[in-house]
Structures are given as structure tokens and as C-alpha cells.
> 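To start, I am sharing the structure in question, which I have written as C-alpha cells.
Note on naming: letters A, B, ... go to the chains in the order of the sequence lines (proteins, then strands), and numbering restarts at 1 for each one.
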There are 2 protein chains.
Amino acid sequence: MKNHDKNIPLCECEELHESVINKKREEMPDVSTLYTLADFFKIFGDSTRISILFALDGEKMCVCDIAAMLGMTKSAVSHQLKILRTSDLVTYERSGKNVFYSLADEHVKDIIEKALEHISE
Amino acid sequence: MKNHDKNIPLCECEELHESVINKKREEMPDVSTLYTLADFFKIFGDSTRISILFALDGEKMCVCDIAAMLGMTKSAVSHQLKILRTSDLVTYERSGKNVFYSLADEHVKDIIEKALEHISE
DNA sequence: GTTACAGTTGAACGGTTGTTCAACTGTTTG
DNA sequence: CAAACAGTTGAACAACCGTTCAACTGTAAC
């Protein structure tokens, strides 16, 4: 939680603004939704995790292959995979000594596609 | 930039994995795109900024109204607005003593909509 | 059992980031 | 001009986060 509901003085604009605030207050998603939303985007806000998601697009990969491909240690990759696992963005299955990860949700690709559209303008 | 291209030993799996790595290497977006993408998502990864974007959806608002609505100081809001401005997600126009902010891009709503769909499952 | 490799985990370190505070600019009003 | 309010800005602080390191588990092969 953040510092909402402190002693913030209302601004002394005309009454018009007051009504805009009240209208918006009703339309806004509730606070917990906003936090969930921010937490969701936070996961994509790291180049390592984005890279992993691209790597897993349409292809199962084991940890050491992902690490080799990104030029990172297995440990660093594993830490990030844990975050992606906890967020239900990837699933895994063990096969011998290897653990193969894959995308859990095709939904995720849509979001990244939209963002790619946006930044290439 | 992160710690790519260090001395990460290739894993000693069968040749199969090696070819997967090479295939993926070609399909992946280039590194700078991945960073731009991550930076873009980073902006949405904060509940204050997400709240501001919702507040500005379909409505111009001045800084002190946004602050009052969120229960935050004008300074904190202004700092976040600067980030949104720099990322071209919002525009502003001065009107007397007030500065009214509005969404710069309808594209952004699509992305948030997609994310909302995802988290409500 | 032991060796070797894949993967995980927790602590620690350094860098990043959001809010606060105080000082500032810009505009309107008297 | 001065006073009042809207907004901005930079430094400072605390909290957060990603990588590293070392120690660990799990599986396969000898």
C-alpha cells in the first residue's frame, strides 16, 4: 500500500473540478485492482524476463539453454523463472536432469504484441 | 545494458539443444528492442502511474485534482507525470494557473484492457 | 556410493526508484 | 509590487530489485 489518504489539502479551483474528481472516483477500478495491474506489468518491466518469455514462445527450453542463449548464469535465470512461475506465466516439467519451461498462457503474447506495435511508431 | 556475453559455459546437453538455441537466437528481437519493451512496461509497473492513466482516461485533469483524488502530494504526482510526459503517454496544456493533462495515445488503453482481461481470470 | 551436471535457493551487494522536503518558477489578483 | 496558489525540480532517504556467490537438492551414469 502507498501513502493514500494523508492530509492532502483539496485544491481551491472552481466547483467544476470537484465534480470531475467525484465522477472519476466512481469510474476508477478499486485500489486492489490497480495494485494487481501494476504488479502484473512489473513482471514485464525487466529485459531478462521479457527475453525469457520470447525464448519460450513456441518452444520448450531448459534452464541452461536459456542461460547460454542470454549469456547469463543459470542462477540468475532460475531466479527470474521463479518469478514467472509464481505469476503463472510459465510452467515446467522435469525430464531427466533437465527442467523444461514453457509459456503457460497465450494471452501474454497479445500483450507483448500490442506493446511492440506501440513502440514501433 | 546487462551482463550478457560473459564466460557462461555452454551446457553439455545433446546436440538437439544447441540447434534450438541457434534457431531462437535468430527469431528473437534484437537486444535494444527488448530493452525498449521492458522500459515501456516499467512505466505501467507502478500503481500511482496506472492510477493517473485511468484518471486521465477521457478526461483532462489538472495536477492538484489528480493529487487530491489519489490522496497524494502535488509533488509526487508531478514527478510521475514527468515520467509519463517523457514517455509520450500524456500531453499537457496550461490554462491560467492550472496545467491540464490528458492521454496522448489511445493505444495505451488497449494494452491496459488486455492486462485487465488477463488478471480477471 | 560417488562423481558429474542441472537446477534451486538464501544472503549479500549495488543500483534503481518512488516519495518527501524545501526551494523554486509561473500566473492571477489586488 | 506583493501575496497566493499551481506546478516543477533536485537532493536525500528508504525501500525495492536483479545479479552474484556459495551451498544446496535431484537425477543419471559409472
> What dot-bracket string describes DNA chain C from 5' to 3', counting Watson-Crick and G-U wobble pairs whose defining distances are under 3.5 Å, with [ ] for crossing pairs and | for pairs to another strand?
||||||||||||||||||||||||||||||
> Taking all atoms of both residues into account, what is the closest heavy-atom pair of Leu34(B) and Phe54(A), and its distance?
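That closest heavy-atom pairing would be CD2-CD1, 3.6 Å.
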> Calculate the interatomic distance between Leu81(B) atom CG and dT8(D) atom P; express it in whole Å.
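It works out to 7 Å between those atoms.
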> Tell me whether the count of non-hydrogen atoms from other residues, nucleotides or ligands lying under 6.0 Å of NZ in Lys42(A) goes above 12.
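Correct, the count exceeds 12.
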> Where the side chain of Arg85(B) is concerned, which of dT9(D), dG7(C), dG18(C) is the nearest nucleotide?
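Side chain of Arg85(B) sits closest to dT9(D).
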> Closest approach to the side chain of Cys62(B), judged atom by atom: which nucleotide of dG18(D), dT8(D), dG7(D) is it?
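So the side chain of Cys62(B) is nearest to dG7(D).
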> Could you state the atom-to-atom distance from CE of Met72(B) to P of dT20(C) in whole Å?
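Rounding to the nearest Å, CE of Met72(B) and P of dT20(C) are 6 Å apart.
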> For Asp65(B) and dA6(D), give me the distance from atom CG to atom C1', rounded to whole Å.
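Spelled out: CG on Asp65(B) to C1' on dA6(D) is 11 Å.
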> Assess, by modelled atom type and distance only, whether the side chains of Asn22(B) and Ser19(B) contain a donor and an acceptor separated by less than 3.5 Å.
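Absent: no donor and acceptor within the cut-off.
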> Within less than 4.0 Å of OP1 or OP2 of dG18(D), is there a side-chain N or O belonging to Thr48(A)?
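Looking at the OP1 and OP2 atoms of dG18(D), neither is under 4.0 Å from any side-chain N or O of Thr48(A).
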> Quick one: label Tyr92(B) by what it contacts on the DNA or RNA (base, sugar-phosphate, nothing), any heavy atom closer than 4.0 Å.
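Counting heavy atoms under 4.0 Å across all strands, no contact is made by Tyr92(B).
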> Rounding to an integer number of Å, can you tell me how far Phe100(A) CZ sits from dG7(C) C1'?
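In whole Å, dG7(C) C1' lies 12 Å from Phe100(A) CZ.
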> Respond yes when some side-chain nitrogen or oxygen of Asn98(A) is under 4.0 Å from OP1 or OP2 of dT27(D), and no when none is.
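Result: no.
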> Could you check whether the rings of Phe41(A) and Phe44(B) sit parallel, tilted or perpendicular, using 30° and 60° as the cut-offs?
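Correct class here is tilted.
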> At under 4.0 Å between heavy atoms, how does the protein contact nucleotides 24-30 of chain C? Give one character per nucleotide, 5' to 3', with B, S or -.
--BBS--
> Round to a whole Å and report the spacing from CZ of Phe41(A) to P of dC16(D).
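Taking CZ of Phe41(A) and P of dC16(D), I get 22 Å after rounding.
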> Say you draw a straight line from CG of Leu103(A) to CD of Glu59(A); how long is it, rounded to the nearest 0.5 Å?
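Those atoms lie 11.0 Å apart.
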> Does Ser75(B) make a side-chain donor-acceptor contact with the base of dT9(D), cut-off 3.5 Å?
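Flag set: donor-acceptor pair detected.
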> What is the distance, rounded to the nearest whole Å, between atom CG of Leu34(A) and atom P of dG18(C)?
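Going from Leu34(A) (CG) to dG18(C) (P), I get 16 Å.
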> From C-beta outward on Lys82(A), which listed nucleotide comes closest to its side chain: dT20(C), dT9(C), dT8(C)?
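Shortest atom-to-atom distance from the side chain points to dT9(C).
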> Identify whether Val63(A) and Tyr92(A) are in the same connected component of the hydrophobic contact network (ILVMFWY, side-chain heavy atoms under 4.5 Å).
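Yes, Val63(A) connects to Tyr92(A) through the hydrophobic network.
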> Record whether the side chain of His79(B) comes under 3.5 Å of the base of dT20(C) through a donor-acceptor pair of N or O atoms.
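Side chain to base: pair present.
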> Should Leu89(B) and Phe100(B) be counted in the same cluster of Ile, Leu, Val, Met, Phe, Trp and Tyr side chains packed under 4.5 Å apart?
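Different clusters.
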> Do Ile83(A) and Ile119(B) land in one hydrophobic cluster if side-chain heavy atoms of ILVMFWY residues count as linked below 4.5 Å?
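The answer is no; the residues belong to distinct hydrophobic clusters.
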> Tell me the interatomic distance from Lys74(B), atom NZ, to dA23(C), atom C1', rounded to whole angstroms.
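My rounded result for the distance is 14 Å.
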> Quick check: is Leu53(B) connected to Val99(B) through a chain of hydrophobic side chains (ILVMFWY, heavy atoms under 4.5 Å apart)?
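In one cluster: yes.
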> Separation of Asp46(A) atom CG from dC17(D) atom P, in whole Å?
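Rounded to the whole Å, the gap is 11 Å.
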> Given dT19(C), is OP1 or OP2 found less than 4.0 Å from the side-chain N or O atoms of Gln80(B)?
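Result: yes.
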> According to a 4.5 Å side-chain heavy-atom criterion applied to Ile, Leu, Val, Met, Phe, Trp and Tyr, with indirect links allowed, do Met28(B) and Ile50(A) form part of one hydrophobic cluster?
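They do share one cluster, since a chain of ILVMFWY contacts under 4.5 Å joins Met28(B) to Ile50(A).
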